[in-house]
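Just so it is clear, the model here is predicted, and its values are computed rather than measured. The basis for the numbers below is simple: all heavy atoms, side chains too, and nothing from hydrogens, waters or symmetry mates. Proteins get letters first, then strands, A, B, ... in listed order; numbering begins at 1 in each.
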Protein chains: 2
Amino acid sequence: MKQKISMNDIAQDLNISITTISFILNGKAKEMRISDKLTKKVLDYIEEKNYNPNALAQSLRTGKSKIIGLVVEDIADAFFASVARLIEERAYKKGYKIIYCSTEDNPKKTIELIRMFKSRNVDGYIITPPKGIESELRFMRNDSLPFVLFDRYFPEIDTDYVGIDNLEGSKIAIRHLVDQGFKNIAFVTLDSDQTQMKDRMAGYRLAIKEGGAKEYILEIKFTSKPEKVVQLIANFLTKHKDIDSVLFATNYLALQGFAALNKLKLTIPEDIAVIGFDDHAFFEVFNPPITAVAQPMKNLSENLIDVLFTNMNNESQPGQESTKIVLNPELIVRASSLRKK
Amino acid sequence: MKQKISMNDIAQDLNISITTISFILNGKAKEMRISDKLTKKVLDYIEEKNYNPNALAQSLRTGKSKIIGLVVEDIADAFFASVARLIEERAYKKGYKIIYCSTEDNPKKTIELIRMFKSRNVDGYIITPPKGIESELRFMRNDSLPFVLFDRYFPEIDTDYVGIDNLEGSKIAIRHLVDQGFKNIAFVTLDSDQTQMKDRMAGYRLAIKEGGAKEYILEIKFTSKPEKVVQLIANFLTKHKDIDSVLFATNYLALQGFAALNKLKLTIPEDIAVIGFDDHAFFEVFNPPITAVAQPMKNLSENLIDVLFTNMNNESQPGQESTKIVLNPELIVRASSLRKK
DNA sequence: TAGAAAAACTAAACGGTTTTAGCAAATTAA
DNA sequence: TTAATTTGCTAAAACCGTTTAGTTTTTCTA
């Protein structure tokens, strides 16, 4: 039917040059001394024919795309999905779209994806990096492609970063449990060398030491199947009967942890108190409601976009200081971690 | 540092024509009788220089982009996020990326987004359409742009569609409650004229009639704030003291519903039985576990991609039959809907 | 050894925009 | 009246590939 119309078509129909149209469209009519009459004529024609410039051609020419690449571990994860949504909203207001993808923490896939983005002239990247993409990030920095790391970072590379103080997050959780009178506080985490996980672990250890308590740590292989995870947690709790409370290092672990507790017929918080790292909408209506270390989602997303945009507008000096923003998590105390009087 | 290298550069360096390189890159070397020797030479050079074709230029010329536009109501919603992830995975295997955006059920924003996608030569669209974009869809069909509707559809427009039998979903839920001996079964839904919502309502009504029971329906404005929703549900349940069970039409309503039940100090399932529409990972570990009407996520995503790809490869006749795939939901029975013996 | 056929490769157009440099006509200044 | 300036607009290159329609070179046939 109605074929896509190009600037060329307009130029032909109106018997003027393509250049003129471009100037008018880009608000340079005045500057380039195009007469008001002609400007109006073109604008009217464009309106009538419902012309839309071809974004690809624009990108090819300008090198800009008005697209931001979002590279997260797993878009189906509640935390990442929420951040994605908030970022999308904020970016949209500035006229930017988001392309996203899930890395599955696979460095090869991640690098491939970043390259794809590159070849599409993506203007900026927000990345939750898996181990193994360090050199790719160095390339990006050398090419001065704007990017921000998120959720975790590489200490050995100086980059922009936005995240929370994970060490502090664990600390406030454990301190709260200690305050409540719990003695044997366990930490169930993933066998991961990502900074956010290491920090959560470090925070646990510090707070445990501070409280004069004993460490109970269960590290679960990243690759374990869900049923396996449940089994491992159940075994762990059975082996250490004296554990009276647990901090789960991620939402996913909390989920499997609850399954394990059900299996062992342990009640929260009477038999065992529970805190989750990362809050979840459903935690509020659990029975009992679940105490959680909450990341400030809105604040995180805003900072991510802001840092990225600053970086994008700063193509000048590559030797600049990097921006690192570390926000404070908040402990949302609910019944699951309260000692019954 | 290392500037991006183009085909032109390679042609110059190797002293051959650009065309030759293009043929080799596009696997037409044999067909175009480029000698194996030259083919190897070019491939080696490309490998060495780490050359990547500019995807924009490719798209501009070919009209293809290897990108699929995913237009969902809200990417932060667990259901959409999960589907997004599954779609992404499947599309990725076929060499396609996803661009997504959230419509917030705003037709103006949605149309704007679709246009953006168009101007980027997106190859296909998966859309959960809000009311008000009917004519835009008609335009798309006229331009024979491949798209599939998802989750809901427009009865008056003949398009491809993938979703579940929502009517049946409500029915199996209500029948189950009737079987369990519940007498006064309520339905809490959104005041929406989208097909999936209407069908869920219709299914409820049919099954209630079938069971010879009485209707208790609460329709909540789409725009209501969360606290308001809790309040409305609480009021509704207080007003109708005889209600002994509820089917929540969406996950979001279930969430607020649980809050309302907590507020009223009603226990599940003793005081009131509960079923949610759309399952959620956390439902399994709720106390008690929550019965849910589950959509076959994997099956849905696979069909979405398959239908879309068939459509994309079928640019021939515009007057083709449309494909409608309606899958069966499954009732996952858990303790929240079981009458205590 | 001419003529035909196959092999190996290429020029140039195309896609749609932005941008630089510049031209012709109208106006102003001297 | 002529030169300088301003006004209003445009040609063409650039971005970076793909594809059509060749051309040239080599090999084979009669």
Side-chain angles (χ1 to χ4, degrees), chain A residues 3-43 45-46 49-67 115-116 118-123, chain B residues 3-43 45-46 49-67 115-116 118-123:
Chain A
Q3 281 308 327
K4 237 189 287 179
I5 179 175
S6 77
M7 273 175 74
N8 228 318
D9 301 331
I10 303 177
Q12 220 125 45
D13 286 9
L14 255 38
N15 208 24
I16 56 173
S17 125
I18 277 190
T19 313
T20 307
I21 305 173
S22 174
F23 285 149
I24 293 174
L25 258 66
N26 293 300
K28 297 190 182 166
K30 278 274 170 294
E31 188 185 338
M32 289 301 163
R33 292 165 307 211
I34 311 294
S35 63
D36 290 356
K37 201 175 127 203
L38 185 55
T39 301
K40 186 172 180 333
K41 188 170 159 194
V42 170
L43 254 23
Y45 188 87
I46 281 171
K49 294 277 182 175
N50 194 21
Y51 162 80
N52 274 95
N54 181 310
L56 284 176
Q58 284 184 140
S59 292
L60 184 59
R61 185 65 242 262
T62 60
K64 306 284 168 198
S65 62
K66 293 276 178 182
I67 290 187
R115 298 242 169 109
M116 300 271 190
K118 262 190 218 173
S119 78
R120 287 228 142 63
N121 278 356
V122 159
D123 291 338
Chain B
Q3 281 309 325
K4 239 190 287 181
I5 179 175
S6 78
M7 273 175 75
N8 228 319
D9 301 331
I10 302 177
Q12 222 127 44
D13 286 9
L14 254 38
N15 208 25
I16 56 173
S17 123
I18 276 190
T19 314
T20 307
I21 304 173
S22 174
F23 285 149
I24 293 174
L25 257 66
N26 292 299
K28 297 189 183 166
K30 278 276 169 291
E31 188 185 337
M32 290 302 165
R33 290 167 306 213
I34 311 293
S35 63
D36 289 357
K37 201 176 127 204
L38 185 55
T39 302
K40 186 169 180 331
K41 187 170 159 195
V42 170
L43 254 24
Y45 189 87
I46 281 170
K49 294 278 182 174
N50 195 22
Y51 165 78
N52 275 95
N54 181 311
L56 286 175
Q58 285 183 139
S59 292
L60 185 58
R61 185 67 239 264
T62 60
K64 308 282 170 201
S65 62
K66 293 276 180 181
I67 290 188
R115 299 242 168 109
M116 301 269 190
K118 263 190 216 172
S119 79
R120 287 228 144 65
N121 278 356
V122 158
D123 291 338

side-chain contact (heavy atoms from CB on, under 4.5 Å), that's the test. Do Val42(B) and Phe23(B) meet it? Break it down for me. CA-CA 11 Å; Val42(B) 170; Phe23(B) 285 149; over 6 Å; no
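- Across the protein-nucleic acid pair, Gln12(A) atom CD and dT10(D) atom P stand 13 Å apart, rounded to whole Å.
- Out of dT18(D), dA8(C), dT10(C), the shortest distance to the side chain of Ile16(B) is found at dT10(C).
- Here the closest heavy-atom approach between residue Ile67(B) and residue Val122(B) is recorded as O-CG1, 3.5 Å.
- In this structure, Leu56(A) atom CG and dA14(D) atom C1' are separated by 17 Å, rounded to whole Å.
- Using a 4.0 Å heavy-atom cutoff across all strands shown, Ile21(A) reaches no nucleic acid atom at all.
- Residue Ile46(B) is tested with Ile5(B), Leu14(B), Leu25(B), Ile24(B) for a side-chain contact (heavy atoms from CB on, under 4.5 Å); the sole match is Leu25(B).
- Side-chain contact check for Asn121(B) and Lys66(B): no donor-acceptor pair (N or O, by modelled atom type) lies under 3.5 Å.
- In this model, the phosphate group of dT18(D) is approached by a side-chain N or O of Gln58(B) to a distance below 4.0 Å at OP1 or OP2.
- Ranked by how close their nearest DNA chain C nucleotide is to the 5' end, Ala57(B) and Ser35(B) are led by Ser35(B).
- Of all nucleotides listed (dG15(C), dT10(D), dT18(D)), dT10(D) comes nearest to the side chain of Ile34(A).
- In this structure, Tyr51(A) reaches the dT17(C) phosphate: one of its side-chain N or O atoms is under 4.0 Å from OP1 or OP2.
- Look at CG on Asn52(B): it is 13 Å from P on dC16(D), rounded to the nearest Å.
- The side chain of Ser17(B) lies closest to dT10(C) when the candidates are dG17(D), dT17(C), dT10(C).
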N/O to N/O distances under 3.5 Å, protein versus nucleotides 19-24 of chain D:
residue	atom	partner	partner atom	Å
dT19(D)	OP2	Lys28(B)	NZ	3.4
dT19(D)	O4'	Arg61(B)	NH1	3.4
dT19(D)	O4	Thr19(B)	OG1	3.3

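- Between the CG atom of Leu60(A) and the P atom of dC14(C) there is a distance of 17 Å, given to the nearest Å.
- Checking dC15(D), dC9(C), dT17(C) against the side-chain heavy atoms of Leu38(B) singles out dC9(C) as nearest.
- As rounded to whole Å, 12 Å separates atom P of dT19(C) from atom CG of Leu25(A).
- In summary, Lys49(A) and Asp9(A) do not engage in a salt bridge, as defined by a charged side-chain N under 4.0 Å from a carboxylate O.
- Regarding Asp9(A), its CG atom lies at a distance of 13 Å from the C1' atom of dC14(C), rounded to whole Å.
- In this structure, the CG atom of Asn15(B) is 19 Å from the P atom of dA8(C), given to the nearest Å.
- Across all strands shown, Thr20(A) has heavy atoms under 4.0 Å from base atoms, whether or not it also approaches the sugar-phosphate.
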Begin from the C-alpha positions of Met7(B) and Ser22(B) and carry the test side-chain contact (heavy atoms from CB on, under 4.5 Å) through to its verdict. CA-CA 8 Å; Met7(B) 273 175 75; Ser22(B) 174; 3.5 Å; yes
Should Ile18(A) and Asn8(A) be marked as a side-chain contact (heavy atoms from CB on, under 4.5 Å) after you check the CA-CA gap, both sets of side-chain angles, and the distance that decides it? CA-CA 6 Å; Ile18(A) 277 190; Asn8(A) 228 318; 3.8 Å; yes
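- Separating the CG atom of Asn121(B) from the P atom of dG16(C) is a distance of 9 Å, rounded to the nearest angstrom.
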